[in-house]
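Take a look at the structure below.
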4 protein chains.
Amino acid sequence: MTKDADQIPITFTLDSKSGIPYYKQIILQVEMAIADGRLSKGARLPTVRSLAVDLSINPNTVARAYNEMEIRDIVVTQQGSGTFISEKQITIDAIERERILTEITRSFITKAASYGITLEELLDHIRDLGSDIVPKGDPS
Amino acid sequence: MTKDADQIPITFTLDSKSGIPYYKQIILQVEMAIADGRLSKGARLPTVRSLAVDLSINPNTVARAYNEMEIRDIVVTQQGSGTFISEKQITIDAIERERILTEITRSFITKAASYGITLEELLDHIRDLGSDIVPKGDPS
Amino acid sequence: MTKDADQIPITFTLDSKSGIPYYKQIILQVEMAIADGRLSKGARLPTVRSLAVDLSINPNTVARAYNEMEIRDIVVTQQGSGTFISEKQITIDAIERERILTEITRSFITKAASYGITLEELLDHIRDLGSDIVPKGDPS
Amino acid sequence: MTKDADQIPITFTLDSKSGIPYYKQIILQVEMAIADGRLSKGARLPTVRSLAVDLSINPNTVARAYNEMEIRDIVVTQQGSGTFISEKQITIDAIERERILTEITRSFITKAASYGITLEELLDHIRDLGSDIVPKGDPS
DNA sequence: GTGGTCTAGACCACA
DNA sequence: GTGGTCTAGACCACT
């Protein structure tokens, strides 16, 4: 009930040595936070300016990340009020869903195969990363 | 069986959205293939032109990848006969390999999550589709 | 056969009084040019810098338009070589296609209805705009 | 039939991607409805709160639209009883109306074109879907 | 020469 | 206060 009860449940960090552009790092962190439930629909992101200060980068860089997420329908921005996780519920029927699932899986596997990654490694990695991301039950 | 004795046992794939330059993707895939035995010493790589056509990219880009691999002693170019895996022992960077695996897995999972696909479904699909594509046992 | 045989078949113009941001005007003009066939798959757009000079605007503004189109999969950019109309062929089956068609039509009609636009007006406008855009035969 | 005598004969829709601010979209739709007779003098508009709920936007945004319409003498607010269309003759800007119609039509056509949908299909679908929604004859 | 990223700073519209 | 647009200019990686 305190004023900050619904405070932003995400902390951003930037790695200047990773070679990944700052704006992409921000997008990745938002995507991960959405995937594992730390950010849910309608949640508000930090303001462009405040996040820029926090990360010690230029506001334009944050704005670029937010803008790209808006184009991708990941977030919705409302002039003058802020940036929010999109409410859009992708409404797909079972057939379409199956088609998409097969397509992205196939694409993933062939890409992995190009790097000589074995099936076991894939499954291991998905379990590792996935248990953090796609809540499957109660992992605690 | 004879004509294909020196057939290239490697399939290249490029991801235009990964942010990794094409020439680096090619190098990485060659290194990976050497490391896990799909390419062994003396194996012949596709010609610059044929690979460029296969991947629908500029031959200069393939040439750059080959050049850089030659500089690093990964391959040897023999004028008129082609490009071959050199004798040098490749010590593929385990960290780099891990980084790639994590990245493609992460991208896969977040995309799936955006469609509300659960971890179990992912694992099931990979088992189904994967056994046809990815080598399961030891590659040596 | 001249060197410029495949020169860019599109001329951009900006209206500073329309209230539409420059970068959006650029996107709109590319979309229209694609829709009516003046730009087809693989066609090359002007370079960021040259278009910026032509339009007397900052290169960043052009880059922003190109970047947004890249995110939307309208164009593909290749580092160091240029920006091209995307080759992507949306592969959708008849059912999916029908679903999309119905959805965007329904959305269009309800939006128009909110502005009190009659069915006749809609049909007229589509014929007017459409005959320029969706080639239906030979309109000349 | 009596209880709904003063029922609001107008449906509002907002397009978050049009770039037009919500408050302006509301004003435009009211003006359009007045111009074509769906709203006549003395007709009552929805309350600020109910419209805000319907459109899932901030009540302040609706209030701003109503305020601006009051300043322009389009509506009159009667404390405690509601907001009503004023006596003033609305001379809706024919150019503005045309601009809107063109824009939504253009957006519709280019989106359809990106799916390879032809003009004939569009016209057919609009005839099918549209006759249920859009008034066909004269609205006076 | 191509586009990509980032900074700095200005001005505007919306809430 | 919020985000949106645009300019100016720097530096980098890729072809």
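These figures come from a predicted structure and were not determined experimentally. Residue numbers start from 1 in every chain, and the chains themselves are labelled A, B, ... in the order their sequence lines are given, proteins ahead of strands.
Side-chain contact, D:Thr105 with D:Thr102: no donor N or O sits under 3.5 Å from an acceptor N or O.
Scanning both residues, D:Tyr66 and D:Pro46, for their nearest heavy atoms gives OH-O, 2.7 Å.
A close approach under 4.0 Å does occur between a side-chain nitrogen or oxygen of D:Tyr23 and OP1 or OP2 of E:dC14. An OP1 or OP2 oxygen of F:dG1 is reached within less than 4.0 angstrom by no side-chain nitrogen or oxygen of A:Thr47. Contact annotation: B:Thr61 reaches the phosphate of F:dT15 (side-chain N/O to OP1 or OP2, under 4.0 Å). Side-chain N/O atoms of A:Arg64 include one lying less than 4.0 angstrom from OP1 or OP2 on E:dT5.
If you measure from atom OH of A:Tyr66 to atom P of F:dG4, you get 11 Å, rounded to the nearest angstrom. Going from atom CG of C:Leu14 over to atom P of F:dT5 covers 14 Å, rounded to whole Å. The CD-P distance, from A:Gln79 to F:dG3, rounds to 9 Å in whole Å. Protein atom CD of C:Glu68 is 14 Å distant from nucleotide atom P of E:dG4, rounded to whole Å. Rounding to whole angstrom units, CZ of residue C:Phe84 and C1' of F:dT15 are separated by 11 Å. Protein atom CD of B:Gln25 is 15 Å distant from nucleotide atom C1' of F:dA13, rounded to whole Å. Between the C1' atom of E:dT2 and the CG atom of C:Leu45 lies a distance of 13 Å, rounded to the nearest Å. Atom pair B:Asn67:CG and F:dC14:P shows a separation of 14 Å (rounding to whole Å applied).
Take the nearest nucleotide of DNA chain E for C:Thr83 and for A:Ser81: the residue whose nucleotide is more 5' is C:Thr83. Both A:Ile20 and C:Gly82 lie near DNA chain E, and the one whose nearest nucleotide falls closer to the 5' end is C:Gly82. Two residues, C:Gln78 and A:Gly80, neighbour DNA chain F, and the one matched to the more 5' nucleotide by heavy-atom proximity is A:Gly80.
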>> Using salt bridge (charged side-chain N to carboxylate O under 4.0 Å, His left out), reason through C:Arg64 and C:Glu68 one step at a time and then give a plain yes or no.
In response: CA-CA 6 Å; C:Arg64 178 174 184 175; C:Glu68 173 153 347; 5.2 Å; no
>> Let's go through B:Glu31 and B:Arg72 carefully: what are the C-alpha distance in whole Å and the side-chain angles of both, what is the deciding distance for salt bridge (charged side-chain N to carboxylate O under 4.0 Å, His left out) to 0.1 Å, and is it a yes or a no?
In response: CA-CA 11 Å; B:Glu31 287 180 333; B:Arg72 289 206 238 149; 2.8 Å; yes
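For E:dG1, its base never sits under 3.5 Å from the side chain of C:Arg49 at any donor and acceptor pair. A donor N or O paired with an acceptor N or O is not found under 3.5 Å between the base of E:dA15 and the side-chain atoms of D:Asn60. Between the base of F:dA8 and the side chain of C:Asn58 there is a donor-acceptor pair shorter than 3.5 Å.
When heavy atoms are screened at a 4.0 angstrom cut-off, C:Tyr22 is found touching the sugar-phosphate backbone but no base atom.
Under a cut-off of 6.0 angstrom, the local environment of CZ in D:Arg49 is sparse, with at most 12 non-hydrogen atoms contributed by other residues, nucleotides or ligands.
Among F:dT5, E:dC14, E:dG3, the nucleotide with an atom closest to any side-chain atom of D:Pro21 is E:dC14.
B:Ser81 meets the side-chain contact (heavy atoms from CB on, under 4.5 Å) test with B:Gln78, B:Phe84; sequence neighbours excluded.
Pair assignment for F:dG3 gives E:dC12, based on Watson-Crick or G-U wobble hydrogen-bonding distances that are each under 3.5 Å.
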